[in-house]
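Structure, as structure tokens:
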Amino acid sequence: MALLHLTSSSSRSNLLKPISAALSYSPSLRRSISSSAADDSRTFTIETSLPFTAHQCNPPSRSVDTNPKELLTFFRDMATMRRMEIAADSLYKAKLIRGFCHLYDGQEAVAVGMEASITKKDSIITAYRDHCTFLGRGGTLLEIFSELMGRQAGCSKGKGGSMHFYKKEAGFYGGHGIVGAQVPLGCGLAFAQKYSKDGTVSFALYGDGAANQGQLFEALNISALWDLPVILVCENNHYGMGTAEWRAAKSPSYYKRGDYVPGLKVDGMDVLAVKQACKFAKEHALKNGPIILEMDTYRYHGHSMSDPGSTYRTRDEISGVRQERDPVERVRKLVLSHDLATEKELKDLEKEIRKQVDEAIAQAKESPMPEPSELFSNVYAKGLGVEAFGPDRKELRAVLP
Amino acid sequence: MATVLHGVGAATALSASKSIDSRKFQLPSRRSLSERKGSFLVVRSDGRMVQGSRALRAEKLITNAVATKADTSAASTASKPGHELLLFEALREGLEEEMDRDPHVCVMGEDVGHYGGSYKVTRGLADKYGDLRVLDTPIAENSFTGMGIGAAMTGLRPIVEGMNMGFLLLAFNQISNNCGMLHYTSGGQFKIPIVIRGPGGVGRQLGAEHSQRLESYFQSIPGIQMVACSTPYNAKGLMKAAIRSENPVILFEHVLLYNLKERIPDEEYICSLEEAEMVRPGEHVTILTYSRMRYHVMQAAKTLVNKGYDPEVIDIRSLKPFDLYTIGNSVKKTHRVLIVEECMRTGGIGASLTNAINENFHDYLDAPVICLSSQDVPTPYAGTLEEWTVVQPAQIVTAVEKLCQ
């Protein structure tokens with residue numbers, strides 16, 4: 001396998017150009033990109049943009065191995081997430097999505113990089129900014145949009161909403177509204193994994209705002225005592241709703257706050273750095289117990305759709321990050337510089353993604369609202385049965401499954 | 001045949017043949033388990049056996065179970081009349097049987113492992129099952145309850161022990177939001193088969209913070225079940241049923257009831273989680289009670305019988321949902337209801353039960369429902385004052401007399 005470094009000679013790239021040109025006449029553009037990439041079994045080694053900062057452990061190397069297929073998958077997944085969140089924005093403004101809607105655009109690299117380093121048997125649990133994490137875990141656009149609009153086809157049958165996406169078979173445990181409450185749950189998932197001796201790990205994601213919750217430190221203490229394979233990931237987008245991190249935390253180095261627990265600070269806008277860090281963390285957790293990852297990332301939208309996002313930060317800051325650190329752009333540049341696809345192909349891919357998202361939205365709009373009897377279903381689980389009979393036991397007061 | 005209990009500690013009097021059971025309590029249960037793996041029977045509150053109960057997993061059921069009381073010499077398959085033990089030992093027996101039966105059952109709590117449990121409920125279990133199944137946690141209720149719920153989401157069956165129910169207030173967020181709601185908000189994807197248990201109630205001068213009754217705080221959480229045990233028999237039965245239930249169950253024990261002695265069957269049995277227990281059938285008035293107040297009521301019942309009244313005493317056991325069937329049948333018979341509880345007056349279990357009875361059985365009532373509950377005060381330390389925060393038998397007698405005028 002030939003290794004290509006950033007400063008590669010142009011001979012290889014010249015070879016690729018005619019191939020891609022020839023294949024561009026084929027009807028499906030996706031096929032052309034993937035077939036050229038699939039034939040291409042090169043491994044790249046790319047350096048992350050920033051080194052890792054470690055606390056009480058040795059940081060992993062900055063050189064990340066990847067291959068064309070993976071890079072293109074990264075681009076595709078992140079572009080889908082970006083488009084999905086923007087579509088959710090317009091749906092919210094059209095009042096089809098109500099309540100709370102917390103958007104993840106800007107942070108896509110964390111979800112995608114994490115998925116690349118783990119399997120579906122590992123568990124992920126996160127807070128309410130969960131649309132993209134759910135998509136990364138194998139959720140479909142239809143399930144997402146239906147759940148956001150409260151329809152039957154949603155992943156939680158329309159009864160959860162934006163903050164309650166779950167996918168048990170893919171190891172995605174949600175979707176939680178109360179800040180910080182998901183971290184003890186995540187440690188419990190890791191406990192169950194240790195109990196069953198699975199050899200898998202749990203990632204418990206939380207934000208910089210939740211990093212100040214007491215239950216986090218309680219759970220961390222117990223996890224360190226019991227050597228649980230849990231990885232606490234702080235998605236530090238620098239704002240806890242409207243409060244900047246320096247106003248909320250005396251020590252904003254969240255990766256160090258585990259004290260006796262090792263930590264790693266990662267550039268969360270660089271998907272390859274995230275992938276490397278998660279891979280390192282998984283190996284570490286299986287051997288040595290908990291580890292904290294701090295992902296330095298950024299969200300373009302406000303905290304939620306009811307927050308304009310500009311009262312506590314300047315528009316220059318937002319556009320500055322978008323110019324310099326945007327995760328999707330970064331992967332686009334990587335793909336283009338390695339000639340894995342042309343500019344046009346990527347644009348066409350984005351158009352296709354847009355079409356898919358629009359189709360999913362249209363399909364979701366057609367999905368019906370839940371039946372009235374669904375109000376009472378799933379309050380209790382069947383088995384040792386709970387049937388709420390009326391006083392005479394002849395009449396059923398509520399229809400429970 | 002009704003199971004009858006007269007007063008505290010008088011359970012021993014019921015076993016006419018005081019054959020000394022020299023075997024340790026663990027042995028009979030293990031033997032019966034190995035003989036009848038996976039089968040169990042349900043004894044209803046009125047002593048009838050139920051075959052293929054609506055509730056239970058369809059495994060082999062014993063249909064001809066043995067009544068425990070020596071005064072009923074009904075046809076029995078077992079030659080032994082049962083074994084005698086204290087309530088905390090009954091809880092432990094139930095726990096141990098379930099841990100033997102299902103490797104997914106684990107216990108977590110403060111001092112449950114090496115210390116043996118602050119009320120000895122888990123004594124010996126850590127040696128038997130090891131540190132991964134009987135877990136000593138640090139003093140961090142919020143997080144270890146959360147961890148129990150997280151583990152339950154994947155299929156483990158943890159039993160979370162609060163050293164005192166009052167401490168579980170720190171875990172209220174986890175119990176209310178995650179434990180109760182996850183089955184619903186995930187559209188049925190996750191089941192939370194967790195059991196949260198611990199002693200509560202007014203003890204002997206433990207002070208205000210250690211004498212709390214949390215039934216009232218938890219009762220409106222949708223998605224959980226609440227049961228309260230009062231005798232060794234129903235303690236073991238409810239513990240086993242709670243562990244086998246797919247729903248989160250909160251099992252309320254009482255600090256002063258741990259040393260109650262009773263004879264319980266050798267066979268494996270469970271008590272239904274949603275049924276009330278008929279303690280004493282009667283004609284004149286229905287007295288509904290649970291947990292420790294059952295014994296105050298039975299003491300008052302002795303006085304009442306001497307005075308010529310015939311109270312019907314029902315231990316409601318299931319605090320959420322109420323067994324309105326048993327209660328309703330009783331109300332239709334007697335037309336007068338007295339609720340005696342240890343919960344607070346404002347928003348307590350009695351308040352909800354009064355409302356439920358008024359809503360459903362209004363036509364059958366001859367008199368307004370009287371609810372005797374604890375006073376709305378923090379429990380004082382001084383003994384005399386503490387006595388007057390809870391309902392005393394004399395007050396029960398007065399209330400019945402007033403009702404029956």
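Lettering of chains follows the sequences in order, A, B, ..., and the numbering in each one begins at 1. Values in this document were obtained by computation on a predicted structure and should not be read as measured data.
- Of the listed residues (A:A190, A:A181, A:S223), the greatest number of heavy-atom pairs within a distance under 4.5 Å of chain B belongs to A:A181.
- Under 4.0 Å is where a charged nitrogen must lie from a carboxylate oxygen, and between A:E143 and A:K167 at least one such pair does.
- Looking only at heavy-atom pairs under 4.5 Å with chain A, the residue among B:I224, B:L170, B:I139 that has the most is B:I224.
- Only the side chain of B:M108 has a heavy atom closer than 4.5 Å to any heavy atom of chain A.
- Once rounded to the nearest 0.5 Å, the distance linking OG of B:S186 with CG of A:N378 reads 7.0 Å.
- With ring centers used as reference points, A:Y166 lies under 6.0 Å from B:F190.
- Both the backbone and the side chain of A:L189 have a heavy atom closer than 4.5 Å to some heavy atom of chain B.
- Counting heavy-atom pairs under 4.5 Å between each of B:G188, B:A356, B:P222, B:G155 and chain A puts B:G188 at the top.
- Taking CG of A:L185 as the reference point, atom CG of B:L182 lies at 6.5 Å (rounded to 0.5 Å).
- Using a 4.5 Å cut-off between heavy atoms, A:L216 makes no contact with chain B at all.
- Checked by atom type, the side-chain pair B:N355/B:S352 shows no donor-acceptor distance below 3.5 Å.
- Proximity to chain A is absent for every atom of B:P193, based on heavy atoms less than 4.5 angstrom apart.
- Using a 4.5 Å cut-off between heavy atoms, B:Q174 touches chain A through its side chain atoms alone.
- Contacts between B:N142 and chain A at a heavy-atom distance below 4.5 Å involve backbone atoms as well as side-chain atoms.
- Here the straight-line distance linking atom CD1 of B:I196 with atom CE of B:M226 works out to 11.5 Å at 0.5 Å rounding.
- A:H176 and A:D130 share no donor-acceptor pair across their side chains, judged by distance under 3.5 Å alone.
- For A:F165 and A:H131, the gap between ring centers is short of 6.0 Å.
- Contacts of A:L225 with chain B are made by side-chain atoms alone, with heavy-atom separations under 4.5 Å and no backbone atom involved.
- Chain B forms more heavy-atom pairs under 4.5 Å with one residue of A:Q193, A:Q215, A:K168 than with any other, namely A:K168.
- Contact annotation for B:I149: both backbone and side-chain heavy atoms come within less than 4.5 Å of a heavy atom of chain A.
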